[in-house]
Amino acid sequence: MMKKKFVLLMSILFVIVLFFLLILRQKKQYEEMFNRINQRKVGGYYDIYYMQFFDDNFECPQNTNEIIDSSFSKEDIKFLFEDPLSRKKELIKYIPIHNRNNLNREGFVLLSSGIDGKFNHRNLLKDTLYIDNFYEKLNLYNNNFNRKNIIESDTVPFNCWQLLFGSKDYLIQYYNCVENFKHKARGIHPIEKLERIFGEKRIRRNVFGFKGICSKNLYDELEKEQIINFNLKNFTVRCNFYNKEDAEIFAGDSVAIIGRLKFHDLDKKILYFDRCIKVDLDYNPWKQYLEK
């Protein structure tokens with residue numbers, strides 16, 4: 001009888017020790033895979049192709065297939081897009097985020113299956129998410145992120161309960177591409193300051209923010225774009241606006257615009273911008289970080 005109890009006790013202890021060893025092994029594997037995600041995130045491997053697509057089209061892709069062409073080998077796809085935490089070795093899930101006003105795809109989220117190894121948001125792959133409420137539809141292990149213009153998400157420590165019974169996902173990254181575009185302007189300058197900037201031998205960026213008083217606003221039927229005159233030093237600024245609503249500028253309006261420089265001729269005082277966005281006169285690209 002004592003022998004049976006001893007054997008039973010030893011069996012229970014063996015199972016407990018084995019269970020803890022397996023958990024420790026899972027913990028080590030999880031930390032290694034999580035570090036791999038962070039390293040690739042910091043290195044820009046995950047978002048670079050989506051951002052390049054946005055730069056070329058000024059809209060995010062509808063799905064990952066739009067950025068994967070014949071130049072990508074199976075090894076490339078595995079390295080760049082495979083989810084290290086997925087038990088089925090699925091790709092990281094890309095979901096575009098829309099602007100509710102113009103319905104354009106202006107941002108995106110990248111989701112990993114998380115510690116439980118299963119992707120739990122498949123219903124959202126066919127849904128339409130908007131910038132103002134996408135986070136309400138996400139059930140995440142890291143749900144304490146900054147929702148204004150998230151660049152990187154938080155780390156998630158190992159949790160045995162989540163490993164066995166978890167039903168959430170991990171947010172790798174959220175990117176608001178339009179906000180990032182506006183941030184490249186590095187602020188809003190009086191239009192006369194652009195003359196000095198463009199007079200330099202080397203222009204170090206191509207996105208600028210400027211403000212002034214509009215003296216005339218015409219629409220060029222041939223070029224399908226707005227021609228805005230500023231009475232300050234008689235600059236003529238041709239603006240191809242991203243939103244039609246932004247082009248509603250009238251003579252006498254004080255306006256601030258961010259756009260990508262396409263052409264400039266200082267002798268003729270002509271500036272040509274495309275992808276123009278009208279912003280507040282006191283727009284500060286650093287404001288969101290100062291408010292954290």
Sequence neighbours excluded, the answer for side-chain hydrogen bond (donor to acceptor under 3.5 Å, both in side chains) partners of Tyr242 is Asn104, Glu106
Taking Trp161's backbone N and O only, do any of them form a donor-acceptor pair with Asn159's side chain (distance below 3.5 Å, no angle check)? yes
Are Tyr45 and Ile67 connected into the same hydrophobic cluster when the rule is that any two of I, L, V, M, F, W, Y join if their side-chain heavy atoms are below 4.5 Å apart? yes
May I ask you to check whether Asn35 and Gln39 show a side-chain donor-acceptor distance below 3.5 Å? no
Taking it one step at a time, do Phe108 and Asn176 satisfy side-chain contact (heavy atoms from CB on, under 4.5 Å)? CA-CA 7 Å; Phe108 60 88; Asn176 187 320; over 6 Å; no
Checking Asp220 side chain against Ile227 main chain: does a donor-acceptor pair fall under 3.5 Å? no
Contacts of Glu90 meeting side chain to side chain contact (heavy atoms under 4.5 Å, CB included) (sequence neighbours excluded), chain-then-number -> Ser86, Lys88, Lys93, Phe119, Arg122
Given Lys41, Gln173, Arg40, Gln52, the one that forms side-chain hydrogen bond (donor to acceptor under 3.5 Å, both in side chains) with Asp47: Gln173
For Phe19, which of Ile23, Leu21, Leu22 qualifies under side-chain contact (heavy atoms from CB on, under 4.5 Å)? Ile23
Any side-chain heavy atom of Ile77 sitting closer than 4.5 Å to one from Leu91? yes
Do we see a donor-acceptor contact under 3.5 Å between the side chains of Tyr272 and Asn240? no
Of all heavy-atom pairs linking Cys239 and Phe241, the shortest is CB-CE1, 3.5 Å
What heavy-atom pair brings Tyr130 and Asn99 nearest, and what distance separates the two atoms? CD2-C, 4.2 Å
Is the closest side-chain heavy-atom distance between Asp116 and Gln162 below 4.5 Å? no
Is there a side-chain contact between Ile37 and Leu85 (heavy atoms, below 4.5 Å)? yes
For the residue pair Asn120 / Ser167, report whether a side-chain donor-acceptor contact shorter than 3.5 Å exists. no
Test of understanding: with side chain to side chain contact (heavy atoms under 4.5 Å, CB included), list the residues that count as partners of Leu13, not counting sequence neighbours. Leu9, Met10
Return the orientation label for the Tyr170 and Phe34 ring planes: parallel under 30°, perpendicular over 60°, tilted otherwise. tilted
Hey, does the side chain of Thr236 reach the backbone of Ile270 with a donor-acceptor pair shorter than 3.5 angstrom? no
Applying side-chain hydrogen bond (donor to acceptor under 3.5 Å, both in side chains), can you list everything that pairs with Arg260, at least two apart in sequence or on another chain? Asp274
List the residues meeting side chain to side chain contact (heavy atoms under 4.5 Å, CB included) with Asn63, not counting sequence neighbours, and say none if there are none. Asn65, Glu66
Report yes if some heavy atom in the side chain of Leu80 is under 4.5 Å from a heavy atom in the side chain of Phe72; otherwise report no. yes
So does Phe250 get a backbone contact from the side chain of Asp253, meaning a donor-acceptor N/O pair under 3.5 Å? yes
Give a yes or no on this: more than 12 heavy atoms of other residues, nucleotides or ligands lie within 6.0 Å of atom CD1 of Ile48. no
Go through it in stages, so that I can follow the logic: the residues are Ile92 and Leu111, the test is side-chain contact (heavy atoms from CB on, under 4.5 Å), and I'd like the CA-CA distance, side-chain angles, deciding distance and then a yes or no. CA-CA 6 Å; Ile92 286 171; Leu111 295 176; 5.9 Å; no
If the threshold is 4.0 Å, N to carboxylate O, is there a salt bridge linking Arg36 and Glu32? no
List for me each residue that meets side-chain hydrogen bond (donor to acceptor under 3.5 Å, both in side chains) alongside Asp127, sequence neighbours excluded, and say none if there are none. Lys137
How about Leu129 and Ile95: do any of their side-chain heavy atoms sit closer than 4.5 Å? yes
Tell me if a side-chain donor or acceptor on Asn243 pairs with a main-chain N or O of Asn102 at a distance below 3.5 Å. no
Establish, yes or no, whether the cationic atom of Arg105 lies under 6.0 Å from the six-membered ring centre of Phe58 and within 45° of the ring axis. no
Pairwise side-chain contact, Phe210 with Val237, heavy-atom cut-off 4.5 Å (strictly under): yes
No-hydrogen, no-angle side-chain donor-acceptor test under 3.5 Å, Thr64 and Tyr50: yes
Given side chains that start at C-beta, do those of Tyr175 and Cys60 come closer than 4.5 Å, heavy atoms only? no
So does Ile249 get a backbone contact from the side chain of Asn217, meaning a donor-acceptor N/O pair under 3.5 Å? yes
Just checking, any donor-acceptor pair under 3.5 angstrom between side chains of Ser113 and Asp83? yes
